[in-house]
Structure formats: C-alpha cells, structure tokens
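Let me begin by presenting the structure, written as structure tokens, before commenting on it.
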Amino acid sequence: MSESTSNVGYAVQDAVATITLQRPQALNALTIDLMAELRQAVARANDDAAVRAVVLTGEGRGFCAGQDLKNRLPDGVDVVDALMDAYHPAVAALRSCRVPVTAAVNGVAAGAGFSLALACDFIVAAASARFICSFSRIALVPDLGATYMLPRAIGRARALRVMMTGEPITGPVAEDWGLAVACVPDAELMAWSQNWARQLAASPTRALRETRVLVDAAEDNSFDVQFRNELLVQRELRDAPDSREGVQAFLQKRPAVFRDL
Ligand code: T3D
C-alpha cells in the first residue's frame, strides 16, 4: 500500500511504514503544510496495528534542508505561537510514536531537518549524508528541540562545536560518534534501513516503547526513583503475552513471535 499527500509519501510493507518528505525541489525544506502532513502520517502509523516500525526519509538528493527560507512566517506573526501549533506536534509525534522510528538520512539534514532526524529513535546515514546545524549561519539558535536532543546524542562539547561552527558531520563521522547506527553506501541506504526496521518490527513493540519512555524519563530522575520505575513497568510487562511468549520461546529454543502493541 502506497499513497501521497502533497508533501509527504506514506507506504506500508512488511509491517514497516515508510514516510517520505516530498519537496525535492527545495531539498524537502519544511513548511507548515508539510509538517501537518508529517504529523498525520505518523498518526496513521500509530493507528495501524499492522505497523510495527517506521522509516522517515527524504525524496531526491537530500533528507531535509530545515525551514523553507523562501516561505517563512510573515513579519508580525509570533514564531513561538505559530511553531508550537504547526511544528511541535509533528516532532512530538515522532518522539512518542507507538513504534520505533528510524531516520534514513540521504544527503543533507540541515537546520530543523537535522532536528527531525534527531527526533527519531535511530539514524542510518548514507555515505553522502551531511548533518549541519546551519542555524548559526543565519544568526539563529538551533530549534525544533535540537538543543535538547543533540547534546544528549553526541555530548555537550561536540554539540556546541557543530552548533557554533556550522561544521557538517559527515556520514562516517556520524557513525563514529554514535549519532548514526550505521553509515552505508548511498545505493544501500533504503534497503539497509528497511531491513533494520523489519528487525525492530519483529521485536516486542510494547517493551521497546516502554524502554524509550524509561530512558527519556531517566534524565529527570534519581537512580533510586528510576530503579523503582523500571520495576513498576516490569511488573506490567511480566504478565503480558509478549513476555510469556519470549520466555516460552527461549525454553523451547525457537524464535519468539511478538504480538503486543
Ligand atoms: O525564522 C524561522 O523561520 C525559524 C525557523 C528556523 C528553523 C531552521 O531550520 S533555520 C535553518 C534553515 N536552513 C538553512 O539555513 C539551510 C539552507 N540551505 C543550505 O544551506 C544549503 O542549501 C544546503 C547546505 C542545505 C545544501 O546545499 P547544496 O549546495 O547541496 O544545495 P543548494 O544548491 O544550496 O540547494 C538546492 C535547492 O534547494 C536550491 O534551489 P534553487 O536555487 O536550485 O531553486 C535552494 O535554494 C533550495 N533550498 C535549500 N535549502 C533551502 C532551499 N529552499 C528553501 N529553504 C531552504 N532551507
């Protein structure tokens, strides 16, 4: 199944929903319409029980060039109100998606396009990928959550370096720094990413989601609070079908078949 809105493509195969930013003439630069359609596409994946992983990518030679600088908010519109309404829901939807989300980054991910990739659980980088915090080049601060997500992904010193200099992180460096799970030849990006996503789709969806929630919450908790929170979740999961299946499969020396959503 494969469909497109004006700016975003959506296709499902083998339990993996692939969401494609489709403004290649502008390197998939972000507009209010595109972000609304991205939010709808993530919601659609969330609502489809057959979907167990998502891949986000860009059409053409780039992933996303950030805010469309030829279609900015007009003067007089408050950027806080406007982008909290129009952009935050799409980024928040990616970060809280019911299933794991992988960004397959082809070519450039610049400005808020880099932030979009960071909002995903995993990044796979093409060899030609360039992650650029281009905000400082136009005298802005990183946004769409970049100041929250990038230091957590690569550490404060490296984050400040790429944010303040605008120096690109290449695909191989992204892998070396742990920003990307892998850097693969351009021609293999989608096949590699789909295969990665299919492995996640065969994994225990609910346990993976609870893992993400715990890891994110750990930022604000003490060790002892977090220790207890893990056990509260464990109490729920131990009684759920997936965990029973996982233990049975181990004892019977066969692959587990997970079904919990
Ligand atoms: O004020 C606010 O709106 C707040 C929000 C801020 C959020 C942000 O994301 S700020 C950061 C915005 N993004 C940028 O500053 C990146 C601008 N683009 C570039 O620096 C370069 O295009 C790239 C490094 C991304 C890629 O360079 P290159 O040489 O591979 O491609 P190119 O030739 O520059 O671009 C190809 C086409 O895409 C070109 O169109 P044309 O001239 O052939 O018709 C170019 O204008 C267009 N394009 C690239 N980036 C954008 C864009 N069009 C609109 N907006 C863009 N961001």
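Numbering of ligands and ligand atoms starts at 1, following listing order. Reckoned from all heavy atoms, side chains included, excluding hydrogens, waters and symmetry mates.
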* How far is atom 42 (O) of ligand 1 from its nearest protein heavy atom, and which residue and atom is that? -> Lys70 NZ, 4.1 Å

* Asked: Considering only protein heavy atoms, which is closest to atom 36 (C) of ligand 1, and at what distance to one decimal place?
  -> Arg61 NH2, 3.4 Å

* What residues, two or more places apart in sequence or in another chain, satisfy ring-ring contact (aromatic ring centres under 6.0 Å, His included) together with Phe223? -> Phe227

* To do: Of the side chain and backbone of Ala65, name the one, both, or neither that has a heavy atom under 4.0 Å from an atom of ligand 1.
  => both

* Is Glu230 salt-bridged to Arg235, going by a charged N under 4.0 Å from an acidic O? -> no

* Asked: Thinking salt bridges, do Arg244 and Asp239 make one under a 4.0 Å N-O criterion?
  -> yes

* Asked: Can you tell me which residue and heavy atom of the protein come closest to atom 14 (C) of ligand 1, and the distance to 0.1 Å?
  -> Ser134 OG, 3.5 Å

* With heavy atoms of Arg130 as the reference, note each atom of ligand 1 found under 4.0 Å away. => 30 (O)

* ligand 1-proximal atoms of Gln67, by part, heavy-atom distance under 4.0 Å -> both

* Asked: If you draw a 6.0 Å radius around CD in Glu167, do more than 12 non-hydrogen atoms from other residues or ligands fall strictly inside?
  -> yes

* Does the protein put a heavy atom under 4.0 Å from atom 21 (C) of ligand 1? -> no

* Report the part of Asp143 (side chain from C-beta onward, or backbone N, CA, C, O) that has a heavy atom under 4.0 Å from ligand 1; answer both or neither where that applies. => side chain

* Name all pairs fulfilling the salt bridge (Lys or Arg N to Asp or Glu O under 4.0 Å) condition that reach into residues 127-156, sequence neighbours left out, sorted by first residue then second. => Arg152-Glu219

* Structure fact -> Any heavy atom of Leu73 under 4.0 Å from ligand 1? The part involved is neither

* To do: Could you tell me whether Arg98 and Asp47 make a salt bridge, using a distance below 4.0 angstrom between a side-chain N and a carboxylate O?
  => no

* Under 4.0 Å from atom 2 (C) of ligand 1, do we find at least one protein heavy atom? -> yes

* Does some non-hydrogen atom of the protein lie less than 4.0 angstrom from atom 29 (O) of ligand 1? -> no

